[in-house]
Amino acid sequence: MAAQRSWWLYPGAVALGVLALVSSRISRSQVQAYGVDGAEYIEHLSRLEVLAAWRALGDGSGWLAFLREVDKAFPPLLHMLHLPIGAVLGHRAEDVLLAQPLWLAVLALAVALLTAALAASPRAASAAACGVLLVPALQGFATRYYYDLPMTALLWLGLAVLMLGDRWSLSLRAAVGGLLLLL
């Protein structure tokens with residue numbers, strides 16, 4: 001019984017170690033250049049435009065103008081998810097990087113939930129979560145603001161919700177899972 005309850009200890013320890021490592025990299029190197037033509041600052045400008053459009057809603061600009069503004073080259077709903085995080089951490093390019101370790105943890109949790117649903121084994125879920133956390137490319141993506149890690153985490157989380165089985169009703173799983181896949 002105690003062994004079944006402690007299946008999360010290993011991925012928890014791995015997660016703490018990896019998140020500490022990634023967070024220390026972020027605090028040391030701040031915004032990392034990637035792509036071409038200053039892609040990291042183009043994305044930052046896009047985040048700030050979504051923030052400005054959100055604030056303009058209070059001025060009566062209307063939802064249609066807001067939706068037009070956020071529907072550009074980048075996934076707009078991802079920027080919308082970062083608005084509340086930015087309200088806590090800050091909206092500077094350096095501040096939004098601190099959300100990336102959260103996405104890495106969400107991805108590991110989603111893969112663990114999906115594995116538990118498919119394999120019906122807490123040990124398999126634990127191993128899957130540890131495996132995801134130890135992929136070096138994911139740790140690298142967690143040190144920058146880019147869409148691969150958050151979108152991958154949301155896709156896996158959407159699939160995990162759809163596979164919850166009898167824990168949630170089918171219509172609730174479809175609605176929440178569909179929304180996560182849309183995001």
Side-chain angles (χ1 to χ4, degrees), residues 15 19 22-23 26-27 30-114 117 132 137-183:
L19 296 178
V22 169
S23 297
I26 289 171
S27 66
Q30 297 297 318
V31 178
Q32 294 183 356
Y34 58 91
V36 295
D37 300 327
E40 62 279 359
Y41 293 106
I42 294 169
E43 293 170 5
H44 179 60
L45 177 62
S46 180
R47 278 193 309 275
L48 293 179
E49 288 171 347
V50 170
L51 177 62
W54 178 257
R55 288 184 175 163
L57 273 176
D59 300 335
S61 69
W63 281 98
L64 188 57
F66 172 73
L67 292 175
R68 259 195 318 269
E69 179 63 35
V70 299
D71 186 30
K72 291 189 176 178
F74 301 108
L77 295 177
L78 192 56
H79 289 317
M80 290 297 298
L81 286 176
H82 280 102
L83 284 180
I85 295 170
V88 173
L89 300 175
H91 293 289
R92 296 179 312 142
E94 295 84 10
D95 297 334
V96 80
L97 288 176
L98 297 173
Q100 291 302 89
L102 172 68
W103 288 115
L104 183 58
V106 168
L107 178 59
L109 175 66
V111 170
L113 289 172
L114 187 59
V132 166
L138 296 176
Q139 294 179 35
F141 276 117
T143 61
R144 58 187 67 174
Y145 184 88
Y146 194 65
Y147 302 105
D148 290 349
L149 184 59
M151 287 183 5
T152 302
L154 289 171
L155 286 171
W156 280 88
L157 188 59
L159 292 174
V161 166
L162 291 173
M163 293 295 297
L164 280 174
D166 294 335
R167 295 183 190 130
W168 291 6
S169 70
L170 180 60
S171 58
L172 182 60
R173 282 185 291 150
V176 173
L179 177 64
L180 288 168
L181 294 173
L182 173 70
L183 291 175

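Below, all heavy atoms of this structure are taken into account, side chains as well, without hydrogens, waters or symmetry copies. Not measured: the values here are computed from a predicted model. Positions are given from 1, in the same order as the sequence printed here.
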Rounded to the nearest 0.5 Å, how far does [atom2] of [Y] lie from [atom1] of [X]?
X	Y	atom1	atom2	value
His82	Gln100	NE2	CD	5.5 Å
Leu180	Leu162	CG	CG	8.5 Å
Ile85	Leu102	CD1	CG	5.5 Å
Leu114	Leu109	CG	CG	11.0 Å
Thr152	Leu138	OG1	CG	7.5 Å
Gln139	Leu19	CD	CG	9.0 Å

request  = Evaluate whether atom CH2 of Trp156 has more than 12 neighbouring non-hydrogen atoms of other residues, nucleotides or ligands under 6.0 angstrom away.
outcome  =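 Count not over threshold, so no.
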
key: Val22 vs Phe141, side-chain contact (heavy atoms from CB on, under 4.5 Å): CA-CA, chis, key distance, verdict   = CA-CA 10 Å; Val22 169; Phe141 276 117; over 6 Å; no

task = Test Leu172 against Leu164 for side-chain contact (heavy atoms from CB on, under 4.5 Å), laying out the working first.
result = CA-CA 10 Å; Leu172 182 60; Leu164 280 174; over 6 Å; no

request  = Start with the C-alpha gap between Leu149 and Leu104, add the side-chain angles, then the distance that decides, and say whether side-chain contact (heavy atoms from CB on, under 4.5 Å) holds.
outcome  = CA-CA 7 Å; Leu149 184 59; Leu104 183 58; 4.3 Å; yes

How close do [X] and [Y] get, heavy atom to heavy atom, and via which atoms?
X	Y	result
Leu159	Leu181	N-CD2, 4.4 Å
Val106	Ala153	CG1-CB, 4.0 Å
Pro101	Ser23	CG-OG, 3.9 Å

message = When you compare the side chain of Leu107 with that of Leu154, does any pair of heavy atoms fall below 4.5 Å?
response = no

query = Is Arg173 reaching over with its side chain to a backbone N or O of Val161, donor-acceptor style, under 3.5 angstrom?
reply =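 The answer is no, because no donor-acceptor pair under 3.5 Å joins these two groups.
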
